[in-house]
2 protein chains.
Amino acid sequence: MNVTIKDIAKIAGVSYSTVSKALNNSPLVKSDTKERIVAIAKEIGYEPNFAAQRLVSKQTKIIGLIWPTIERVVLSTLVTKISDEINKTPYSMILSVDPVQASLETFRRFQVDGIILFEENVDVAVDPSSTPLLSYGVARKGPANYPIIDANHEQAMYEAVKYLYALNHANIAYIGDFSPTDPMQVQKYKGFVKAMKDFNLPVEEHNLINTSGLDWYDGYTATRKFLSLPNRPTAIVGGSYDISGGIIRGIKEANLDIPKDISIISYDNIPQMENMEIPLTSIGVPVDKLAIEIVQSMIKIIEEKESQPVVIKMTPELTVRASCK
Amino acid sequence: MNVTIKDIAKIAGVSYSTVSKALNNSPLVKSDTKERIVAIAKEIGYEPNFAAQRLVSKQTKIIGLIWPTIERVVLSTLVTKISDEINKTPYSMILSVDPVQASLETFRRFQVDGIILFEENVDVAVDPSSTPLLSYGVARKGPANYPIIDANHEQAMYEAVKYLYALNHANIAYIGDFSPTDPMQVQKYKGFVKAMKDFNLPVEEHNLINTSGLDWYDGYTATRKFLSLPNRPTAIVGGSYDISGGIIRGIKEANLDIPKDISIISYDNIPQMENMEIPLTSIGVPVDKLAIEIVQSMIKIIEEKESQPVVIKMTPELTVRASCK
DNA sequence: ATCAAAAATGAAAACGTTGTTATATTATGT
DNA sequence: ACATAATATAACAACGTTTTCATTTTTGAT
C-alpha cells in the first residue's frame, strides 16, 4: 500500500490537512512545520495520488496528441520534442494515432485537459464549448474556431532564395511537391516564386520541378530527370527533408559535387540535416522552437480558458551547413 | 459541469448506488431498471469520471511506454501499432522519450499500471516489487527479473538463407551490422552462419559484409564496396530495413537488376517493405503480431500479478514480394 | 495581566465512483 | 395468512486529495 498524507500526518503529529497545505507550500502553515513535514514526506517516499488530486481539482493534467499521419521523420521528431516539452511541465501526454474523429472521441472520454492536433489537410469540426484544442497546421481562409500554429512556409522559401541570391546564384530551381490540394506546399511554392520575382530572377519551367510527393524517392527521380535537361541550375531549393535526401543522391550519381557544382538548401529545420551525406543548409522553423511554442500555447489555452482562434505564424530560421557556396 | 451518476439517479428516481451497479451491468439490479438507467445515461451523455474510478479501483489503466531511441522507422511503426493495440483495451498509453531511468521515475510518479520498455543494449535494474515491467529486447544470459519479448533473430536469418537456398542460390552474402556489442545483431549473424553451414554453403570473407551500422547509408556504402569485388554473390540478405534500402540503391547504381542479377531478402517485417524501390521480400516477426504480443503480455502481467521473468521468443515469418528469384 | 488581532492548526465537506452492508420489497411454501 | 427466503433497492463508507471554515495558539498593544 502506498504512503498517503495521513501517514505523514501521523508521524509529524499534525492533522492531514496541515500536511496537504505544507506540501503545497501554502503560506497558511508555519515554515518550521512545513520543513519538518516536507522532510518526513521525502523520508518515507511519499508520492501524491494522481487520481485523488485529479478528482478534486477537476483536471487530468493530461494533454492528448492526435497524430494521424505517421512515419515522416520530421513529424516524429516533432512528436518527440513535444513530448519532451510537456514532460517539463506538470502535464503529461497521451498519444493517439487513430483517425481524427475517433481520437477526439477517445480524448473526450479521457477528459484530457487539452488536445493537440497534427493536421494535414483535415478540416475538423470542433465544438468550441468542449476541450481546448490547438492545431499544428495551415491557416485557413475563414479562420477555424480554434487556434492554429503554422510555420511560415512562404517566408521560409523566400528566405531560401534570398540566401542563395546573396551567394550570387542566379539560376535557382525549386524541387518540391506542387500539389494544389496541400496548403503547406502551396505556401512554399508561392514563397519561392515571389522571391524569384522580387530579385528579378527568371521563373521558368526548368527551375520548377514537381516531385508530386514528399518522399525520398520523389526527390530522387525528379532530380535524375532534371539533371538530364539543359540549362542546369547552380542552386536548388529542396522542398522537404526527405526530398532533399533524394536530391543529394541524384546529384551524386551524376558525379556532381555539392556545393562545388550545385548548391542545395532544404526546407525543414531539424537536427538530422547535420547527418546527411552532406550536411544540409536548411531553412524552416527549428523543430525545438516549434515544440516549445505548441506546448506553451496549449497550456496557456488550457489555463486561461480564453481560446481565441488565433493563427500563430512561426518565423523560419536559416541554419547554414556545408551545402551552399 | 459534467454529468454524474447522481444526476442519472435523480432522473431515474433511484439511488446513485443503483445507477453505479446498473452501469456496471451488475446482476444485483433488475433488468428493467438496468435498461432504463442505461438509456437515461446515454440520453444525457454520461461519461464516467476517470479520476474517481481510478481512485477507488487503485488502478490507473495507463501503460507507460519507454522509447529512448527514436527515429528508426521500424521502431516508430511498432510504437504506432502498440498504441493502436492498447487503445482496443480499457488501457491507454503514455509515451516517454526520456532516458530509461528518468522515464521509470516519471512512470512511477504517475502510478501507471505497467511499463513497456524498448531496450537497446540497456540493462535495467528493476525492483521487482514495483510496477510490472515488460521489455522488448534481447534475452540475456542470466535472465533479467522481468519478462522479455524477443524476436527470434537467429531463426529469422536461418529462414532467410533457407529460402534463398531453396531458390537454388549457392553464393549468398550477408550485409549487416556485425557489432559484437549489439546482441540483436549477434543473433542475426549467428543465424546466418549456422544456416550456411547446415546447407554446406561456403562462409568466407566475401559474403560477410559488415556495415558497421544500421542505417541507409551504411548499407549503401557497404554495397558499393562489395560490388567492386570479384566473386559476386547471387543473393543478399540485408540486415535491416534501412540497410536494405541502401543495398537496393547500390545495386541499381551498378546497373544490376533485382531480382534478375541479384536477389535480396531483408530483415524486418513491416508493411513499408512493399513501398520500396523494389518491393522487398522480407523476413522477421510481423510488426502487427509483435505489437499484439507485447500488449497482451503486458496486460496479462498487470492483471495476473504473476510476472515470471520469462522470455518469449517470437517466430519470424517470411513475406514474399518481388525481390528474389 | 488582559484582550483583540493575527497566525497556525484542525475538522470536515467535497470530488465521483465502487463495493459492502442494511433495509425494503416481492415471491414461495405451508 | 404467515413466516421465510430471495430479490431489489437504498444507505453509506471508502479511496486520497484540496479547500473552506472553525478552533486553538501565539503575538503585540494596552
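Chain naming here is simple, since letters A, B, ... match the order of the sequence lines and numbering starts at 1 in each.
For A/I5, the listed nucleotide lying nearest its side chain is D/dT18; candidates were D/dT18, D/dT9, C/dT17.
Contact check, A/K30 against D/dT25: no side-chain N or O comes under 4.0 Å of OP1 or OP2. For C/dG10, one of the phosphate oxygens OP1 or OP2 lies less than 4.0 angstrom from a side-chain nitrogen or oxygen of A/S15. B/T33 has a side-chain polar atom (N or O) that falls below the 4.0 Å cut-off from OP1 or OP2 of D/dT9. Considering only side-chain N and O atoms, B/Q53 lies nowhere under 4.0 angstrom from the phosphate OP1 or OP2 of C/dG16.
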- Task: Would you please test B/T18 and B/S15 for side-chain hydrogen bond (donor to acceptor under 3.5 Å, both in side chains) and show each step?
- Result: CA-CA 5 Å; B/T18 306; B/S15 78; 3.1 Å; yes
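Distance CD1 (B/I8) to C1' (C/dT17): 12 Å, rounded to an integer number of Å. As rounded to whole Å, 19 Å separates atom P of C/dG16 from atom CZ of A/F110. Atoms NZ (B/K34) and C1' (D/dA8) sit 12 Å apart, rounded to a whole Å. For B/L55 and C/dT18, the CG to P distance is 12 Å, given to the nearest whole Å. Regarding B/D32, its CG atom lies at a distance of 17 Å from the P atom of C/dT25, rounded to whole Å. Rounded to whole Å, atom P of C/dT17 lies 14 Å from atom CD1 of B/I37. Taking atom NZ on A/K58 and atom C1' on C/dG16, their separation rounds to 9 Å, with Å as the unit. When rounded to the nearest whole Å, the span between CG of B/L28 and P of C/dT18 equals 13 Å.
Counting non-hydrogen atoms under 4.0 angstrom, A/Q111 reaches nothing in the nucleic acid. Note on B/Y46: only backbone sugar-phosphate atoms sit closer than 4.0 angstrom, heavy atoms only; bases stay farther off.
In this structure, a donor-acceptor pair under 3.5 Å is present between the side chains of B/S297 and B/E293.
The stretch residues 17-26 of chain A touches DNA chain C through A/S17, A/T18, A/K21, each having a heavy atom within less than 4.0 Å of the strand.
Within the structure, side-chain hydrogen bond (donor to acceptor under 3.5 Å, both in side chains) contacts touching residues 37-49 of chain B (residues at least two apart or in different chains) do not occur.
Checked by atom type and distance alone, the side chain of A/S96 never pairs as donor or acceptor with a backbone atom of A/S103 at under 3.5 Å. Judged by distance alone, with hydrogens and angles left aside, the side-chain atoms of B/D113 form a donor-acceptor pair with the main-chain N or O of B/K61 at under 3.5 Å.
When each of A/V14 and B/P48 is assigned the nucleotide of DNA chain C with its nearest heavy atom, A/V14 is the one assigned upstream, toward the 5' end. For the pair A/P27 and A/Y16, nearest-nucleotide mapping onto DNA chain C gives the more 5' position to A/P27.
Using a 4.5 Å heavy-atom threshold, the side chains of A/Y136 and A/L290 count as touching. B/L75 is listed as a side-chain neighbour of B/F118, based on a closest heavy-atom distance under 4.5 Å. Side-chain contact check for B/M314 versus B/I149: some heavy-atom pair is nearer than 4.5 Å.
Across its full length, the helix from C/dA1-D/dT30 to C/dT30-D/dA1 shows an angle of 50° between the axes of its 5 terminal pairs at either end, rounded to 10 degrees.
A 6.0 Å sphere centred on NZ of A/K289 holds no more than 12 heavy atoms belonging to other residues, nucleotides or ligands.
A cation-pi contact links B/R54 to B/F50, judged by a cut-off of 6.0 Å to the six-membered ring centre and 45° from its axis.
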